[in-house]
Amino acid sequence: MQKVLGIAGWSGSGKTTLIGAMLPLLAARGLTVSVIKHSHHDIELDVAGKDSQRHRASGAHEVMVVSPYRFGLFAETPQPLTLEQQLSRLAAVDLVLLEGQKTLPVPRIEVHRSACAKPWLYPDDPFVIALASDCATETDLPQLPLDDHAAIADFIANWLKDSA
């Protein structure tokens, strides 16, 4: 299985923003990184009336749209994909960042923002390996300033090297 690191926190804590800031910093460290983003809601990735949507609506198991610049794969799922199934759809990379899916048993960085007024996850989550936050808390876990993207990227790169 590929190396997976979760980025977990409450809605509005800054997970997506943090990942967006981390990607170029990790790439600059020579790492290839993919992201799996979880949504609790149904997602519609295809545009009504387009050929790909019409094929899908007509019963195609999967529809792939290919251009010279990118591709997209649309598939209906009768049940949620396991992490292994999600990872099997990705090309091999150095690291997969998993945004959300905080109930999966993978190491994760908790993103916490005091303005969200939500409780910390780490006291009840044994998979949290570090905290990225705008405030400090009482713990032995590494605490990283949420706005110090370089420090968080260094932590991730070192964690990846140490867990190899």
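Throughout, residue positions are numbered sequentially from 1 according to the sequence presented.
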> For Asp154, what residues pass the salt bridge (charged side-chain N to carboxylate O under 4.0 Å, His left out) criterion, not counting sequence neighbours?
Replying inline: Arg29
> For Ser163, which residues count as a side chain to side chain donor-acceptor pair (under 3.5 Å) partner, sequence neighbours excluded?
Replying inline: Lys3
Can I get a per-line list of side-chain donor-acceptor pairs under 3.5 Å for residues 16-26, giving both atom names and the distance, sequence neighbours left out?
{"residue": "Thr16", "atom": "OG1", "partner": "Glu99", "partner atom": "OE1", "Å": "3.3"}
{"residue": "Thr16", "atom": "OG1", "partner": "Glu99", "partner atom": "OE2", "Å": "2.6"}

>> Using the rule that Ile, Leu, Val, Met, Phe, Trp and Tyr join whenever any side-chain heavy atoms are under 4.5 Å apart, tell me whether Val4 and Ile36 fall into a single cluster.
In response: yes
>> I need the Glu76 CD to Glu62 CD distance, nearest 0.5 Å.
In response: 10.0 Å
>> Does anything in residues 9-20 form a salt bridge (charged side-chain N to carboxylate O under 4.0 Å, His left out)? List the pairs, not counting sequence neighbours.
In response: none
>> Suppose the criterion is ring-ring contact (aromatic ring centres under 6.0 Å, His included): which pairs have a residue in residues 105-128, not counting sequence neighbours?
In response: His112-Trp120, Trp120-Tyr122
>> Gln85: which residues meet the side chain to side chain contact (heavy atoms under 4.5 Å, CB included) condition with it, sequence neighbours left out?
In response: Leu81, Thr82
> Could you walk me through whether Val63 and Leu73 pass the side chain to side chain contact (heavy atoms under 4.5 Å, CB included) check?
Replying inline: CA-CA 6 Å; Val63 176; Leu73 178 63; over 6 Å; no
>> Using the salt bridge (charged side-chain N to carboxylate O under 4.0 Å, His left out) criterion, which residues pair with Asp125? Sequence neighbours excluded.
In response: Arg108
>> So does Ala8 get a backbone contact from the side chain of Glu110, meaning a donor-acceptor N/O pair under 3.5 Å?
In response: no
> What residues form a side chain to side chain donor-acceptor pair (under 3.5 Å) with Thr32, not counting sequence neighbours?
Replying inline: Asp94
> Taking side chain as C-beta onward, heavy atoms only, is Val96 less than 4.5 Å from Leu90?
Replying inline: yes
> Of all heavy-atom pairs between Val106 and Gly6, which one has the smallest distance, and what is that distance?
Replying inline: CG2-N, 4.3 Å
>> Under the rule for salt bridge (charged side-chain N to carboxylate O under 4.0 Å, His left out), what residues qualify as partners of Glu138, not counting sequence neighbours?
In response: none
>> Looking at every heavy atom in both Lys102 and Leu121, which two are closest together, and how far apart are they?
In response: CD-CD1, 3.9 Å
> Considering residues at least two apart in sequence or located in another chain, which fulfil the side chain to side chain contact (heavy atoms under 4.5 Å, CB included) criterion with Ser67?
Replying inline: Tyr69, Arg70
> What are the two closest non-hydrogen atoms of Gly14 and Val111, and how far apart are they?
Replying inline: C-CG1, 4.1 Å
> Taking side chain as C-beta onward, heavy atoms only, is Leu131 less than 4.5 Å from Leu144?
Replying inline: no
> Going from CZ on Arg113 to SG on Cys135, what distance comes out if it is rounded to the nearest 0.5 angstrom?
Replying inline: 10.0 Å
> How far does OG of Ser13 sit from CG of Leu146, to the nearest 0.5 angstrom?
Replying inline: 8.0 Å
> Among all residues two or more places apart in sequence or in another chain, which pass the side chain to side chain contact (heavy atoms under 4.5 Å, CB included) test with Phe71?
Replying inline: Met64, Val66
> Do Asp147 and Asp134 come close enough that some side-chain heavy atom pair is under 4.5 Å?
Replying inline: no
>> In the structure I gave you, are the side-chain heavy atoms of Leu160 and Leu31 within less than 4.5 Å of one another anywhere?
In response: yes
> Phe155 and Val33: same hydrophobic cluster, using ILVMFWY side-chain contacts below 4.5 Å?
Replying inline: yes
> Can you name the side chain to side chain contact (heavy atoms under 4.5 Å, CB included) partners of Leu5, sequence neighbours left out?
Replying inline: Leu95, Leu97, Pro107, Ile109, Ile129, Ile156, Trp159
